[in-house]
S.K.: 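This is the structure, below, for whatever I ask next.
Numbers here simply count residues along the sequence, with the first being 1.
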Amino acid sequence: MKRLMAWSGIIFIVYLLLHAYGNTHYFQGEIAYDHYAVWLRTLLEPLLPYGGMLWILRVVLVALLLAHVISAFHLWFRNRKARGTDKYEVKKPGADYFASRYAMRTMRWGGVILLLFIIWHILQFTTLSLAPGGEYVHGRAYANMYYGFQLWWVYLIYLVALAALCLHVWHGVWSALQTLGATRGNTIPLIRLIAFIVAFGLFLVFMSVPTAILFGWVDAPMAAADYYPQFCDAIGSASEQFAHCAAY
């Protein structure tokens, strides 16, 4: 179970690093960012249908998420049952005790916050079931993000969730590598540094776009009449997936 948690967590971190990098395309402008969003749906065409690779990725991520969550709760319940109501008589000083205390008090609730956030994120930017700030349109990823993050409370939701993610990853990198046997006396300082860089790097990159939107550091979305001719030209043959492109 611990190895399952470790490997699923590591794969999630790789995905988050790629996702964070992808979000930086937002600063290239509306057409470039939406072109990137379409490119994700055209991966491995014509071997796979439009959006096929993205759906495979979603299924894999959901499976990994279930494996990670079920393993976490199973281990937590098993440890709680084994310990009963007894408390530790001696609290060890130093990093070992701090790590165990952090995992017990923060990782569990941080994981719950992240699970709720993932549901919110999917409803807002994948299914568009929630559309705070404006009318969301499938395919206009840049505009959808712009409308959402202009609201301070949406920004706050993401700030809290990404703070939880940062702390979760910070400890999770350490815990996963320890489970897989990578932590030894001479590697501990390097692993702690890697965990810190990965965790806070993800926080800074992911929050850069919402912050830029909230403070007006990026351009507002274009009007449909200006947007679709440029967008449809940029995405080429994929334009057949968008009804609006037939008019231009």
Side-chain angles (χ1 to χ4, degrees), residues 11-65 117-151 154-155 158 161-162 165 202 205-214 216-248:
I11 295 171
F12 262 116
I13 289 171
V14 172
Y15 164 76
L16 288 170
L17 289 170
L18 294 173
H19 187 15
Y21 171 74
N23 278 10
T24 62
H25 289 292
Y26 200 92
F27 296 107
Q28 296 178 337
E30 186 171 9
I31 301 301
Y33 187 71
D34 288 354
H35 187 188
Y36 164 71
V38 171
W39 174 80
L40 291 175
R41 289 164 171 77
T42 60
L43 285 173
L44 296 185
E45 278 192 336
L47 179 64
L48 294 174
Y50 180 82
M53 187 62 191
L54 203 56
W55 275 107
I56 291 173
L57 179 62
R58 287 167 177 165
V59 170
V60 170
L61 288 174
V62 169
L64 288 171
L65 178 64
F117 170 71
I118 289 170
I119 296 171
W120 166 272
H121 188 65
I122 290 172
L123 290 175
Q124 184 180 9
F125 290 128
T126 301
T127 66
L128 308 188
S129 303
L130 300 174
E135 182 181 353
Y136 291 15
V137 177
H138 283 285
R140 297 201 62 173
Y142 182 100
N144 297 341
M145 289 181 67
Y146 187 89
Y147 296 141
F149 290 122
Q150 282 200 314
L151 301 175
V154 175
Y155 180 89
Y158 277 78
L162 284 168
L165 174 66
L202 284 172
V205 175
F206 271 125
M207 285 307 301
S208 63
V209 171
T211 302
I213 293 171
L214 184 67
W217 298 337
V218 292
D219 295 332
M222 292 185 282
D226 297 322
Y227 169 80
Y228 281 107
Q230 298 181 55
F231 172 70
C232 298
D233 181 63
I235 63 176
S237 61
S239 61
E240 64 187 26
Q241 302 294 331
F242 298 87
H244 290 88
C245 289
Y248 295 95

S.K.: Please name all residues satisfying side-chain contact (heavy atoms from CB on, under 4.5 Å) with Leu123, sequence neighbours left out, ordered by chain then number.
M.R.: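 side-chain contact (heavy atoms from CB on, under 4.5 Å) list for Leu123, sorted by chain: Ile119, Thr127, Ser129, Leu130.
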S.K.: Take the angle between the ring planes of Tyr158 and Phe125 and call it parallel below 30°, perpendicular above 60°, tilted in between.
M.R.: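 Ring orientation, 0 to 90° scale: tilted.
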S.K.: Can you measure from CG (Leu47) to CE (Met53) and round to the nearest 0.5 angstrom?
M.R.: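 Those atoms lie 10.0 Å apart.
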S.K.: Measure the CG-CG distance between Leu48 and Leu54 for me, rounded to the nearest 0.5 Å.
M.R.: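 Interatomic distance, Leu48 CG to Leu54 CG, rounded to 0.5 Å: 11.0 Å.
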S.K.: Could you check if a side-chain atom of Gln241 sits within less than 4.5 angstrom of a side-chain atom of Arg41, using non-hydrogen atoms only?
M.R.: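 Sidechains of Arg41 and Gln241: no contact.
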S.K.: Which residues satisfy the ring pair (Phe, Tyr, Trp, His ring centres under 6.0 Å) test with His35, sequence neighbours excluded?
M.R.: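 Here no residue qualifies.
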S.K.: Within the supplied structure, the quantity of interest is the number of heavy atoms (other residues, nucleotides, ligands) at a distance under 6.0 Å from His25 NE2; does it exceed 12?
M.R.: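 Correct, the count exceeds 12.
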S.K.: For His138, which residues count as a ring pair (Phe, Tyr, Trp, His ring centres under 6.0 Å) partner, sequence neighbours excluded?
M.R.: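 By the ring pair (Phe, Tyr, Trp, His ring centres under 6.0 Å) rule, His138 matches no residue at all.
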S.K.: Quick one: list whatever passes ring pair (Phe, Tyr, Trp, His ring centres under 6.0 Å) with Phe206, sequence neighbours left out.
M.R.: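 Expected list: His19.
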S.K.: Restricting to side-chain contact (heavy atoms from CB on, under 4.5 Å), what partner residues turn up for Ala212, sequence neighbours left out?
M.R.: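 Here the qualifying residues are Phe27, Trp217, Val218.
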S.K.: Shortest non-hydrogen contact from Leu202 to Ala20?
M.R.: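 Answer, listing the atom of Leu202 first, then Ala20: CD2-CB, 4.1 Å.
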S.K.: Do you know which two heavy atoms are closest between Val209 and Met145, and how far apart they sit?
M.R.: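 Smallest heavy-atom distance, with atoms named: CG1-CE, 3.6 Å.
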S.K.: Test of understanding: with side-chain contact (heavy atoms from CB on, under 4.5 Å), list the residues that count as partners of Tyr147, not counting sequence neighbours.
M.R.: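 By the side-chain contact (heavy atoms from CB on, under 4.5 Å) rule, Tyr147 matches Tyr136, Ala143, Pro221.
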S.K.: Mind checking the CG-OG1 spacing from Leu128 to Thr126? Nearest 0.5 Å is all I need.
M.R.: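 The distance works out to 7.5 Å.
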S.K.: For a quick test of reading the model, state the closest non-hydrogen atom pair linking Ser239 to Cys232 and the distance between them.
M.R.: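 The pair with the smallest heavy-atom distance is CB-O, 3.9 Å.
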S.K.: Do you know the tightest heavy-atom contact between Met207 and Leu162?
M.R.: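 Taking Met207 first and Leu162 second, the nearest heavy atoms are SD-CD1, 3.1 Å.
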S.K.: Under the rule for side chain to side chain donor-acceptor pair (under 3.5 Å), what residues qualify as partners of Thr211, not counting sequence neighbours?
M.R.: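 So Thr211 forms a side chain to side chain donor-acceptor pair (under 3.5 Å) with Tyr155.
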S.K.: Under 4.5 Å between any side-chain heavy atoms of Val205 and Asn23, yes or no?
M.R.: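 SC-SC contact between Val205 and Asn23 ruled out.
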S.K.: With a sphere of 6.0 Å drawn around CH2 of Trp55, does it hold more than 12 non-hydrogen atoms of other residues, nucleotides or ligands?
M.R.: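 For Trp55, atom CH2 is not crowded (no more than 12 foreign heavy atoms under 6.0 Å).
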S.K.: Would you name the heavy atoms of Ala234 and Ile31 that are closest together and state the gap between them?
M.R.: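 Heavy-atom minimum between the residues: CB-CG2, 3.8 Å.
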S.K.: Does any pair with a residue in residues 135-144 pass salt bridge (charged side-chain N to carboxylate O under 4.0 Å, His left out), and if so which ones, sequence neighbours excluded?
M.R.: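 The answer is Glu30-Arg140.
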S.K.: Per the salt bridge (charged side-chain N to carboxylate O under 4.0 Å, His left out) rule, what does the pair list look like for residues 54-65, sequence neighbours excluded?
M.R.: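 As it turns out, there is no salt bridge (charged side-chain N to carboxylate O under 4.0 Å, His left out) pair with a partner in residues 54-65 once direct neighbours are skipped.
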S.K.: Measure the spacing between CD1 of Ile11 and CG of Leu65 and express it to the nearest 0.5 Å.
M.R.: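 Those atoms lie 12.5 Å apart.
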S.K.: Measuring only between side-chain heavy atoms, which start at C-beta, is Leu16 closer than 4.5 Å to Leu165?
M.R.: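 In short, these two side chains touch, coming nearer than 4.5 Å.
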S.K.: Who passes side-chain contact (heavy atoms from CB on, under 4.5 Å) against Val38, sequence neighbours left out?
M.R.: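 With sequence neighbours excluded, Val38 shows a side-chain contact (heavy atoms from CB on, under 4.5 Å) to Thr42, Tyr50, Phe231, Ile235, Ala238, Phe242, given in chain and number order.
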S.K.: Strictly by salt bridge (charged side-chain N to carboxylate O under 4.0 Å, His left out), give each pair with a member in residues 238-248 just once, sequence neighbours left out.
M.R.: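 Residue pairs passing salt bridge (charged side-chain N to carboxylate O under 4.0 Å, His left out), neighbours aside: none found.
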S.K.: Rounded at 0.5 Å granularity, tell me how far CZ in Phe149 sits from OH in Tyr26.
M.R.: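 Interatomic distance, Phe149 CZ to Tyr26 OH, rounded to 0.5 Å: 8.5 Å.
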S.K.: Among Tyr227, Tyr33, Tyr36, find the residue that satisfies the side-chain contact (heavy atoms from CB on, under 4.5 Å) test when tested with Tyr142.
M.R.: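 With Tyr142 as partner, side-chain contact (heavy atoms from CB on, under 4.5 Å) holds for just one option, Tyr33.
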S.K.: Can you tell me how far CG of Leu44 sits from CD1 of Ile56, rounded to the nearest 0.5 angstrom?
M.R.: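 Between atom CD1 of Ile56 and atom CG of Leu44 there are 7.5 Å.
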S.K.: What pairs with Phe12 under ring pair (Phe, Tyr, Trp, His ring centres under 6.0 Å), at least two apart in sequence or on another chain?
M.R.: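 By the ring pair (Phe, Tyr, Trp, His ring centres under 6.0 Å) rule, Phe12 matches no residue at all.
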